[in-house]
2 protein chains.
Amino acid sequence: MKITIKDIAEISGVSTTTVSQILNNKGQRFSEETKRRVMKAVEENDYNPDYFAKNMINRESKTVGMIVPDVTDLFFSKVIEGVEAYLTKKDYMILLCNSNHSNEMEKNYIKQLLNRSVAGVILASPNAMELETSLKSSPYILIDRGINTRVEGNLLVKEYEGSYESVQYLIDAGHKKIGMLTNESGYYEMTDRYRAYVQCLKDNKLIYHGEYIEDGPVTIEGGYEAAKRLLERTDITALCCGNDQMAIGTYRAAYELGLKIPEDLSVIGFDDLEISSYLNPPLTTVAQPAFEIGYTAATYLFQSINSPEQKIPNRTFETEFIVRGSTTTVDKKK
Amino acid sequence: MKITIKDIAEISGVSTTTVSQILNNKGQRFSEETKRRVMKAVEENDYNPDYFAKNMINRESKTVGMIVPDVTDLFFSKVIEGVEAYLTKKDYMILLCNSNHSNEMEKNYIKQLLNRSVAGVILASPNAMELETSLKSSPYILIDRGINTRVEGNLLVKEYEGSYESVQYLIDAGHKKIGMLTNESGYYEMTDRYRAYVQCLKDNKLIYHGEYIEDGPVTIEGGYEAAKRLLERTDITALCCGNDQMAIGTYRAAYELGLKIPEDLSVIGFDDLEISSYLNPPLTTVAQPAFEIGYTAATYLFQSINSPEQKIPNRTFETEFIVRGSTTTVDKKK
DNA sequence: CTGAAAGCGCTTACAG
DNA sequence: CTGAAAGCGCTTACAG
């Protein structure tokens, strides 16, 4: 049988009140001698207050729910790492939920998490939600690319600026036929990245070609399929991929079609995954700080849990354009 | 204020006993009319029994702890996905812990998890542990490559056979100077893979060269560094990498040293990550079923939780040798 | 067919 | 300086 506070009280010859107070650092009033006796009994019996009994009173579950679209996604796993790194320092633990990009799953998970009285939730989601109804009763942070409008707790990335910079770079390098891999299917509408692409072409007086755009899932395979369709159809000399994973897929598509990167096709990603600098050739990409995003989300959530009256700050993360070997200037090429 | 069973009882004009019994499907004895009234009150008020109060009695936390060395590792994130996929069907949730390969962190996490009365734990670890003391009080499954000897619940992979097959393949292709990237530094001693390498050379009457072996962390960067050292030092024509991530690092090292894969160097990995078939060239590797391993671990753990008296089965997973573009026969080469 | 009462393992006013 | 007692929100023998 598990050892209880009663046992400790008996062993040290005091009341449960005394044990409880001492254990919760409210025991100033007790004599040193008593404290010592109690602590000794606690140590020796490896006593730990029952988590459930304690929580029934304190309501401090020290648990945070985290929902991500895909744990195996290299971007999100890095975000998780950031969240974990912060929360573990605070003795919090994470209930991890894999939503498989499904809005319905997300709702289920939120319900379950709230049932378990989590202290807060971090929701990484591509979906717009009726947050009022589902999450209202708990502190939360959204990692959602700004899809849901709020006044506080917005964690944003300069997607537009980052994307714009990459397109401008290609144009400056002489590219005129620039394609884009995007995702419009409800999820991950990379609207900002796409808008930046359109605007940048316009600012440079280049014509926008609808057929230079291709749509697909934001995965390696999705990128592969989309790039294949796009590259078979057009003679673009450069391609902005929705993210690094799609860029990896693009490498394969190009290879199969006999296109050399960067000689025949310049490729740019978005994210800067660890793997990206190891690709062959190393991927030129727009870096966003995944770990830091997670870490910040956790920090803000923690603050919000402990000072609910305080507003959660907004924060916009900078991107960094990193030129590596997958892009080149266009010269003899048409 | 949160709504309690008392409120529901009051609203439907019965006792809390009645509400509790009906909600827990022990309400056969109550009249249909009563049941209906209670259920209606429950629905209308969106009542959910308090998680902590309920658990204080039932001790069914429906929560499993999962500890992995690195959430961003592509192999482990796939294992997590498998675990999650099974447990979510059973209405269980996962407390995820990232141990950063540290044995000390693992122990801390185990303690914390047990404090929270998890129903069980899945520990993916490269470390040998004094399991008796730390985990004894809870059902658990180890994903540890068989480092800790147990009579039941061993989830093993045919590492030896898989590795042997890959080395034999290289030898059959004419390679004589075959290197290996391994990890001996306490973690992930890939002993089986290494042993298979040694034995296979021997069986084929090839001399074992100590300088053909290099050691490093099981990451992309680790593989890069190790491969660089090894390739600068020797003139091997083929390299067995400890895992796919190390193989990815090897690609970069080879590239920087001006070695073409597979013309100058055949490369073989271990894992078959999703990304591996998209590398340039696609990676020849020994596939192991990461998702299935996780899924099976969760299945066994669940069984063990619900039938503690039953023995947990052992299971050995097959590997599959997948030939892709990173290997070739050695011909004109010396 | 139904409910009063005890109990799970804690914490916290309150009294001394 | 210390402890008896009430209470958190449930479940479950037990009595009727």
Side-chain angles (χ1 to χ4, degrees), chain A residues 1-42 45-63 91 112 114-119 137, chain B residues 1-42 45-63 91 112 114-119 137:
Chain A
M1 226 6 255
K2 209 181 149 181
I3 187 156
T4 72
I5 196 172
K6 242 171 138 176
D7 300 321
I8 298 296
E10 223 159 84
I11 291 168
S12 38
V14 295
S15 72
T16 59
T17 306
T18 305
V19 177
S20 173
Q21 300 278 312
I22 290 177
L23 248 40
N24 292 298
N25 294 317
K26 292 174 188 159
Q28 308 80 315
R29 56 189 170 126
F30 297 102
S31 73
E32 282 309 317
E33 159 61 9
T34 306
K35 284 192 214 164
R36 224 181 348 258
R37 268 215 325 279
V38 169
M39 289 318 286
K40 182 157 164 273
V42 168
N45 297 280
D46 192 28
Y47 166 69
N48 277 298
D50 181 74
Y51 179 72
F52 299 117
K54 195 167 179 157
N55 266 288
M56 203 159 64
I57 303 176
N58 307 336
R59 307 267 140 205
E60 290 191 308
S61 65
K62 295 213 175 201
T63 306
D91 270 331
Q112 276 191 61
L114 296 182
N115 262 346
R116 284 161 180 255
S117 304
V118 291
S137 62
Chain B
M1 227 4 256
K2 210 181 147 184
I3 187 157
T4 73
I5 197 173
K6 242 171 137 179
D7 300 321
I8 299 297
E10 222 158 84
I11 291 169
S12 37
V14 295
S15 72
T16 59
T17 306
T18 306
V19 175
S20 174
Q21 301 278 311
I22 290 176
L23 246 40
N24 292 297
N25 294 316
K26 293 173 188 160
Q28 308 79 315
R29 55 188 171 130
F30 299 101
S31 73
E32 281 309 317
E33 159 61 8
T34 305
K35 285 192 214 165
R36 224 182 348 260
R37 268 216 324 279
V38 169
M39 291 315 288
K40 184 157 161 273
V42 168
N45 296 280
D46 193 28
Y47 166 70
N48 278 298
D50 181 75
Y51 179 72
F52 299 116
K54 195 166 178 158
N55 265 288
M56 203 160 64
I57 304 176
N58 305 337
R59 306 268 141 203
E60 290 191 308
S61 65
K62 294 213 175 201
T63 306
D91 271 331
Q112 277 191 60
L114 295 182
N115 262 346
R116 285 160 180 256
S117 304
V118 291
S137 62

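Numbers restart at 1 for each chain; the letters A, B, ... are given by sequence-line order, proteins then strands.
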### Query
Any ion pair linking A:E10 and A:K6 (charged N to carboxylate O, less than 4.0 Å)?
no
### Task
Please test A:L23 against A:Y47 for side-chain contact (heavy atoms from CB on, under 4.5 Å), starting from the C-alpha separation and ending with a verdict.
CA-CA 11 Å; A:L23 248 40; A:Y47 166 69; 3.5 Å; yes
#### Entry: Bracket notation of DNA chain C in which parentheses pair within the strand, [ ] cross earlier pairs, and | pairs with another strand (Watson-Crick or G-U, under 3.5 Å)
|||.||||||||.|||
### Task
Calculate the interatomic distance between B:N115 atom CG and C:dG9 atom P; express it in whole Å.
15 Å
### Query
What integer distance in Å separates B:I3:CD1 from D:dC8:C1'?
17 Å
#### Entry: Whichever of B:T34 and B:R59 has its nearest DNA chain C nucleotide further upstream toward 5'
B:T34
### Query
Could you state the CD-P distance from A:E60 to C:dT11, rounded to the nearest angstrom?
11 Å
### Query
Can you find a side-chain donor-acceptor pair between B:S15 and B:T18 that sits under 3.5 Å?
yes
### Query
Under 3.5 Å, side chain of B:S12 to main-chain N/O of B:I8, donor-acceptor pair present?
yes
### Task
List the atom of A:D50, the atom of A:K2, and the distance in Å for their closest heavy-atom pair.
OD1-NZ, 3.2 Å
## Note on the structure
A:I57 CD1 to C:dC10 C1', in whole Å, measures 4 Å
### Summary
Atom CG of A:N55 and atom P of D:dC8 are separated, to the nearest Å, by 16 Å
### Task
Would you confirm whether B:S61, through its side chain, and B:S117, through its main-chain N or O, come within 3.5 Å as a donor-acceptor pair?
yes
### Query
For D:dG9, does OP1 or OP2 lie under 4.0 Å from any side-chain N or O of B:Y47?
no
### Message
If I take atom CD1 in residue B:I5 and atom P in nucleotide C:dG3, what distance separates them, rounded to the nearest angstrom?
### Response
12 Å
### Heavy-atom donor-acceptor pair, B:N55 side chain to B:F52 backbone, under 3.5 Å
no
### Query
Got a sec? Which of residues 15-26 of chain A come in under 4.0 Å of DNA chain D, heavy atoms?
A:S15, A:T17, A:T18
